[in-house]
2 protein chains.
Amino acid sequence: MEPLVTRLRNREWRLTAQRRVIAETLAGEHVHLTADEVYERSRAVLPEVSRATVYNTLNELVGMGELLEMTHTDGRKRYDPNVEERHHHLVCVSCGRMLDVRADDPRLPEDQHHGFELLAVEVTFRARCPECVPAASTS
Amino acid sequence: MEPLVTRLRNREWRLTAQRRVIAETLAGEHVHLTADEVYERSRAVLPEVSRATVYNTLNELVGMGELLEMTHTDGRKRYDPNVEERHHHLVCVSCGRMLDVRADDPRLPEDQHHGFELLAVEVTFRARCPECVPAASTS
DNA sequence: GTCCCTGCAAACGTTTTGCACACAG
DNA sequence: CTGTGTGCAAAACGTTTGCAGGGAC
């Protein structure tokens with residue numbers, strides 16, 4: 001697949017310095033960044049980037065399908081370039097600890113597609129971590 | 001399984017009128033309520049319930065594993081009693097439209113459990129809905 | 001030159017918190 | 001009676017928006 005920046009240019013996307021920096025931040029090897037982390041990293045490269053632009057750009061990229069928005073248990077949105085190796089999540093419902101895990105992607109049966117064009121699948125396993133299990137033994 | 005209120009009493013949970021109403025609201029047949037919806041419904045039954053208490057109670061129930069917190073794409077948290085029929089979600093990355101779908105749950109391989117006690121699995125299929133597909137044909 | 005993107009700061013909606021009072025145990 | 005849960009209102013948090021100026025095409 002072509003690099004992200006190239007794909008964006010081909011979509012007739014106005015390529016500004018800020019947008020390029022944001023896109024390049026996401027194209028890195030990071031796994032799932034919050035909007036604010038993207039903001040900090042982008043600003044480290046190009047100081048004249050505003051928080052608003054980061055949010056706007058992230059939303060556009062998600063709408064284009066070039067980026068996955070994965071809203072995690074912790075309430076804040078996290079973003080993931082959709083080209084990376086797939087991974088899923090295991091989170092403790094009690095303390096919020098989160099681990100990356102590997103598991104097979106579930107398949108969506110053909111009769112459940114509803115005409116949608118599938119892009120990706122996100123899986124979150126809810127669980128109680130070893131430290132939190134003892135506390136729950138009141139049954 | 002015993003009713004939710006009974007399970008809570010057995011956990012030495014201080015059972016107040018407000019908490020009972022909140023728990024009963026959730027025990028209903030609803031699928032995924034926001035905190036505010038829980039607040040409205042609880043207040044319809046017992047007017048002297050405050051928003052803060054709803055939030056506190058929901059957080060406690062999630063920590064206990066009696067309730068699943070599922071943060072959807074729309075940013076706000078939604079809550080789901082973990083006893084209901086499982087269903088998954090199909091979300092349009094462009095317009096946010098969300099449908100419930102049925103699909104097999106993915107299995108988490110034994111060597112990926114990390115000592116966690118599994119409670120549930122949440123699956124979100126990211127896609128582009130029929131109305132949003134045409135707009136994206138700029139490649 | 002035009003239109004879209006940008007930065008700033010203020011607005012927004014949701015969730016959390018501090019405090020004094022009230023009630024379950 | 002004691003300790004914990006409650007209501008209220010204000011704060012915190014992440015995100016969005018309105019507006020005037022600036023830069024990509």
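So that the names make sense, note that chain A is the first sequence line, chain B the second, and so on, each numbered from 1.
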**Asked** Of the non-hydrogen atoms in B:Gly65 and A:Val93, which two are nearest, and what is the gap between them?
**Response** CA-CG2, 4.1 Å
**Message:** So, does B:Thr53 get its side chain near the phosphate of D:dG5, meaning an N or O under 4.0 Å from OP1 or OP2?
**Reply:** no
**Audit row: A:Leu61, A:Glu69, side-chain contact (heavy atoms from CB on, under 4.5 Å) steps and yes/no** = CA-CA 9 Å; A:Leu61 289 171; A:Glu69 176 196 311; over 6 Å; no
**Asked** Which whole-number value in Å describes the distance from A:Arg20 CZ to C:dC5 P?
**Response** 15 Å
**Message:** Just the rounded figure in Å: distance from P of C:dT6 to OH of A:Tyr39.
**Reply:** 14 Å
**Message:** Angle between ring planes, A:His72 versus A:His32, binned at 30° and 60°: parallel, tilted or perpendicular?
**Reply:** perpendicular
**Prompt:** In this structure, are over 12 heavy atoms from other groups packed under 6.0 Å from A:Asp36 atom CG?
**Reply:** yes
All N/O pairs under 3.5 Å across the protein-nucleotides 12-14 of chain C interface:
{"unit_1": "C:dT14", "atom_1": "OP1", "unit_2": "B:Arg76", "atom_2": "NH1", "d": "2.6"}

**Message:** Do B:Leu58 and B:Leu8 land in one hydrophobic cluster if side-chain heavy atoms of ILVMFWY residues count as linked below 4.5 Å?
**Reply:** yes
**Complete:** Picking from C:dC8, D:dT17, D:dT6, the nucleotide nearest the side-chain atoms of A:Asn56 would be D:dT17
**Item:** A:Leu46 CG to C:dC5 P, straight-line distance once rounded to whole Å
**Value:** 17 Å
**Request:** Look at atom CG of B:Asp104 and say whether more than 12 heavy atoms of other residues, nucleotides or ligands are closer to it than 6.0 Å.
**Result:** no
**Asked** Where each residue is assigned the nucleotide of DNA chain C containing its nearest heavy atom, which of A:Thr57 and B:Thr34 is assigned the position nearer the 5′ end?
**Response** A:Thr57
**Prompt:** For every nucleotide of nucleotides 18-25 of chain C, 5' to 3': is a protein heavy atom under 4.0 Å from its base (B), only from its sugar-phosphate (S), or from neither (-)?
**Reply:** ------BS
**Request:** Please check the phosphate of C:dA9 (OP1 and OP2 only) for any side-chain N or O of A:Arg51 closer than 4.0 Å.
**Result:** no
**Fill in**
Between A:Pro130 and B:His114, the two heavy atoms sitting closest are CG-O, 3.8 Å
**Request:** Take the protein atom CD1 of A:Ile22 and the nucleotide atom C1' of C:dC5, then report the distance between them rounded to whole Å.
**Result:** 11 Å
**Asked** Given atom CD of B:Glu60 and atom P of C:dT17, what is their separation to the nearest angstrom?
**Response** 13 Å
**Request:** Answer yes or no: is there a side-chain heavy-atom contact under 4.5 Å between A:Ile22 and A:Thr53?
**Result:** yes
**Asked** In whole angstrom, what separates A:His72's NE2 from C:dT15's P?
**Response** 18 Å
**Request:** Would you kindly give the CG-to-C1' distance between B:Leu33 and C:dT15, to the nearest whole Å?
**Result:** 17 Å
**Asked** How long is the line joining CG of B:Leu58 and C1' of C:dT16, in whole Å?
**Response** 13 Å
**Request:** Would you indicate, yes or no, if D:dG23 has its OP1 or OP2 atom less than 4.0 angstrom from a side-chain nitrogen or oxygen of A:Gln18?
**Result:** no
**Request:** Kindly work out whether a path of hydrophobic side-chain contacts (I/L/V/M/F/W/Y, heavy atoms less than 4.5 Å apart) joins B:Leu119 to A:Leu90.
**Result:** no
